[in-house]
Amino acid sequence: MLPTYARFLTAACALATTANAVAHVEVQGKDFVNTETGDRFQILGVDYQPGGSSGFTEKKDPLSDPKECLRDAALLQRLGVNTIRIYNLSPGLDHDECASIFNAAGIYMILDVNSPLYGGSIDRTRPKETYHEGYFRQVFGIIEAFKDFPNTLAFFAGNEVINEQSVKSVPAYIRAVQRDMKAYIKKHVKRSIPVGYSAADIRPILLDTLNYFMCEDDKESGSNSDFFGLNSYSWCGDSSFTKSGYDVLTNDFRNASIPVFFSEYGCNEVQPRYFSEVQALYSKEMSQSFSGGLIYEYTQEANDYGLVKLNSNGTASLLVDYDNLMKQYAKLDMKQVEAANKTQTSYKPPKCQSSLIQNSTFLDGFKLPSRPSKVQDMIDNGLKDANTGKLVDVKSKDVPQTIYDPNGNEIKGIRLTALTKGESNAPGKHTSGEAKSDKSNSTDDTSNSNNGTSNSTGKISVSFLGLVGASLVALSLF
């Protein structure tokens, strides 16, 4: 057995580990709310899937390499984001350091539970055949891997599964997946983590999709979405609130009873992108309907949506779009953006009924497929041999990789700042780095190390006494 002082030191270290954890965020009515401050949480985010779906394997995913995560978390923190979305993850990998790094940076994670590998998702053309035990090892595996990280904001049960090629019964299967995920979370997670769906902006069925997933059904209690994501690229170039159709979307989602946000946005038909839509999205008018959004996407891939280019020699180059987005975020009045609204948090979902569905091609019944017995066993007893993640200590640290600005000048002093407990990142709060105008430092290798297609559809020495003090502070916070 360890001596008393050693056991105390171990406990103190454990407490220090969680001292910089972000506050939990929960759904209240149609808002995300910071549970410590009571402020509204608006998503200022970026979609994060370096290498795209083809860059994902069972042995590597976006949260499996701490060196890459440190670099990216520091650059995203500098940019001003508070949330990232990650599409493809492997439940068998160790994500502890990466998830903890983003937590220390004050950045939340919205995680898709599906995988592009065989058996890792619901097939829109044959949902019945793909709704099985093997699939839920992926789904529940992701929940286990990330359930204990305070910066796990939410899970997506599906992304653009419903479209023109999907069979009519698909919505029922996605809603069933939500039901099963929420049942597992209720049984095996110490807090509630929201579950929702990410939809394509398909006008004829968009509101039917919202209504189908938003409504509450007494017979299938807990199967409804806790939030709704929309992938929309209607604002292109020098557009406007009306020209882009944002006025229509604002009206369409005004009476939604759950949080709605852009799970993807940032049209690239006009380049460079100036992201003028950011000012509209976080305005008083649109924030009545939307809880922010996630820009598509972090890394430059073949489809040309990147903010950052990863070079094959290990360096990274910030693109003009990165600087333009940072400038737009810096203009936001965060007090206004985060202002609580009691009306917003009082919304209640409607009851499910066929009259909610207007398009005859969309499913208007709410009977869900039965849960397979082996899936029920996983829910009752937990996923066997699950790789359950845990928060680890992260300190402020300089980024070791060389970073260049859009003009090819090296940026010195890019640094991850580990935030204090309960703090989330915000524009202008934690910037770092200064560009040196010296072309001799610029990279000659501008090739992209990730050519896959994206999934769109000061170190401080702590003395023993200091550590004891930190533990006492931490105890007072819990």
Side-chain angles (χ1 to χ4, degrees), residues 20-27 31-37 39-50 62-63 69 72-89 95 98-113 142 146 149-156 159 193-198 226-232 258-266 275 277-278 281-282 286-287 290-299 307-308 322 325-326 328-330 332 334 337-338 416-417 419 422-430 455:
N20 63 351
V22 298
H24 292 151
V25 170
E26 66 180 13
V27 172
D31 281 352
F32 290 110
V33 176
N34 183 307
T35 57
E36 291 190 5
T37 66
D39 293 335
R40 186 183 188 192
F41 182 82
Q42 286 271 64
I43 295 169
L44 282 78
V46 171
D47 295 309
Y48 180 72
Q49 190 71 35
L63 296 180
C69 291
D72 297 341
L75 291 175
L76 287 162
Q77 186 183 55
R78 179 180 186 266
L79 181 61
V81 308
N82 61 20
T83 307
I84 55 173
R85 176 190 182 179
I86 306 157
Y87 296 88
N88 303 317
L89 292 160
H95 303 106
C98 279
S100 299
I101 285 169
F102 280 104
N103 169 78
I107 297 174
Y108 292 84
M109 307 177 297
I110 302 177
L111 311 168
D112 289 64
V113 298
I142 294 300
F146 292 96
F149 294 109
N151 59 324
T152 296
L153 175 60
F155 294 113
F156 273 125
N159 178 63
I193 303 177
V195 174
Y197 176 71
S198 177
D226 298 313
F227 61 89
F228 189 82
L230 175 63
N231 299 337
S232 179
I258 57 177
V260 178
F261 60 91
F262 287 138
S263 37
E264 294 177 8
Y265 77 107
F275 301 109
E277 66 266 44
V278 166
L281 179 56
Y282 298 96
M286 281 196 78
S287 63
F290 291 91
S291 293
L294 298 124
I295 291 288
Y296 194 82
E297 64 179 320
Y298 178 67
T299 52
L307 303 174
V308 176
Y322 177 100
L325 181 57
M326 185 162 62
Q328 292 292 348
Y329 282 156
L332 296 176
M334 292 306 296
V337 169
E338 296 172 347
L416 176 80
T417 301
L419 308 187
E423 184 181 4
S424 59
N425 194 44
K429 273 193 173 184
H430 307 290
N455 185 344

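Because the structure is a prediction, the values reported are computed rather than measured.
Nearest heavy atoms, Tyr322 versus Arg78: CE2-NH1, 3.2 Å. Here the shortest heavy-atom pairing between Glu264 and Asp47 reads CG-OD2, 3.5 Å. Considering every non-hydrogen atom in both Val22 and Asn103, the closest pair reads N-OD1, 3.1 Å. Contact record, Leu325 with Leu79: CD2-CD2, 4.0 Å, taken as the closest heavy-atom pair. Contact detail for Pro50 and Thr299: the closest heavy-atom pair is CA-OG1, 3.4 Å. Of all heavy-atom pairs between Phe290 and Gln42, the closest is O-OE1, 3.4 Å.
Side-chain contact check for Arg40 versus Ser291: some heavy-atom pair is nearer than 4.5 Å. A heavy-atom distance below 4.5 Å is not found between the side chains of Phe261 and Leu281. Side chains of Leu419 and Lys429 form no contact here, defined as non-hydrogen atoms less than 4.5 Å apart. Using a 4.5 Å heavy-atom cutoff, the side chains of Thr37 and Glu338 are not in contact.
Gln77 places a side-chain N or O within donor-acceptor distance of the main-chain N or O of Ala105, the cut-off being under 3.5 Å. Of the possible polar contacts, none joining the Thr35 side chain to the Val25 backbone as a donor-acceptor pair under 3.5 Å is found. Looking only at distances, no side-chain donor or acceptor of Asn151 sits under 3.5 Å from a matching main-chain atom of Ile101. In this structure a side-chain-to-backbone donor-acceptor pair under 3.5 Å is missing from Tyr329 to Leu44. The main-chain N or O of Asn88 is found under 3.5 Å from a side-chain atom of Gln49 such that the two form a donor-acceptor pair. Side chain of Ser263 to backbone of Ser198: no donor-acceptor contact under 3.5 angstrom is found.
Classified by interplanar angle (parallel below 30°, tilted 30° to 60°, perpendicular above 60°), the ring pair Phe41/Phe32 is perpendicular. Taking the six-membered ring for Trp and thresholds of 30 and 60 degrees, Phe102 and Tyr48 have ring planes more than 60 degrees apart, a perpendicular arrangement.
Once rounded to the nearest 0.5 Å, the distance linking CD1 of Ile193 with CD of Glu26 reads 12.5 Å. With values rounded to the nearest 0.5 angstrom, Glu277 atom CD is found 5.5 Å from Ile295 atom CD1. Taking OH of Tyr197 as the start and CD1 of Ile258 as the end, the distance is 13.0 Å to the nearest 0.5 Å. Rounding to the nearest 0.5 Å gives a distance of 11.0 Å between CG of Asp31 and CG of Asp39. Once rounded to the nearest 0.5 Å, the distance linking CG of Asn82 with CE of Met334 reads 6.5 Å. The CG atom of Asp112 sits 8.0 Å away from the CG atom of Leu89 when rounded to the nearest 0.5 Å.
Counted by atom type alone, Asn159 and Tyr87 present zero donor-acceptor pairs between their side chains at under 3.5 Å.
Among residues two or more places apart in sequence or in another chain, the side chain to side chain contact (heavy atoms under 4.5 Å, CB included) test is passed with Ala23 by Asn34, Glu36, Tyr108. Residues forming a salt bridge (Lys or Arg N to Asp or Glu O under 4.0 Å) with Asp226 (at least two apart in sequence, or on another chain): Lys182.
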For side chain to side chain contact (heavy atoms under 4.5 Å, CB included), just list the numbers for Ile84 and Tyr298, CA-CA rounded to whole Å, side-chain angles, deciding distance to a tenth of an Å, and then say yes or no.
CA-CA 9 Å; Ile84 55 173; Tyr298 178 67; over 6 Å; no

Test side chain to side chain contact (heavy atoms under 4.5 Å, CB included) on Glu423 and His430 and set out the steps.
CA-CA 11 Å; Glu423 184 181 4; His430 307 290; 3.1 Å; yes

Go through it in stages, so that I can follow the logic: the residues are Ser287 and Tyr282, the test is side chain to side chain contact (heavy atoms under 4.5 Å, CB included), and I'd like the CA-CA distance, side-chain angles, deciding distance and then a yes or no.
CA-CA 6 Å; Ser287 63; Tyr282 298 96; over 6 Å; no

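Between Phe156 and Phe227, the distance separating the two ring centers is shorter than 6.0 angstrom.
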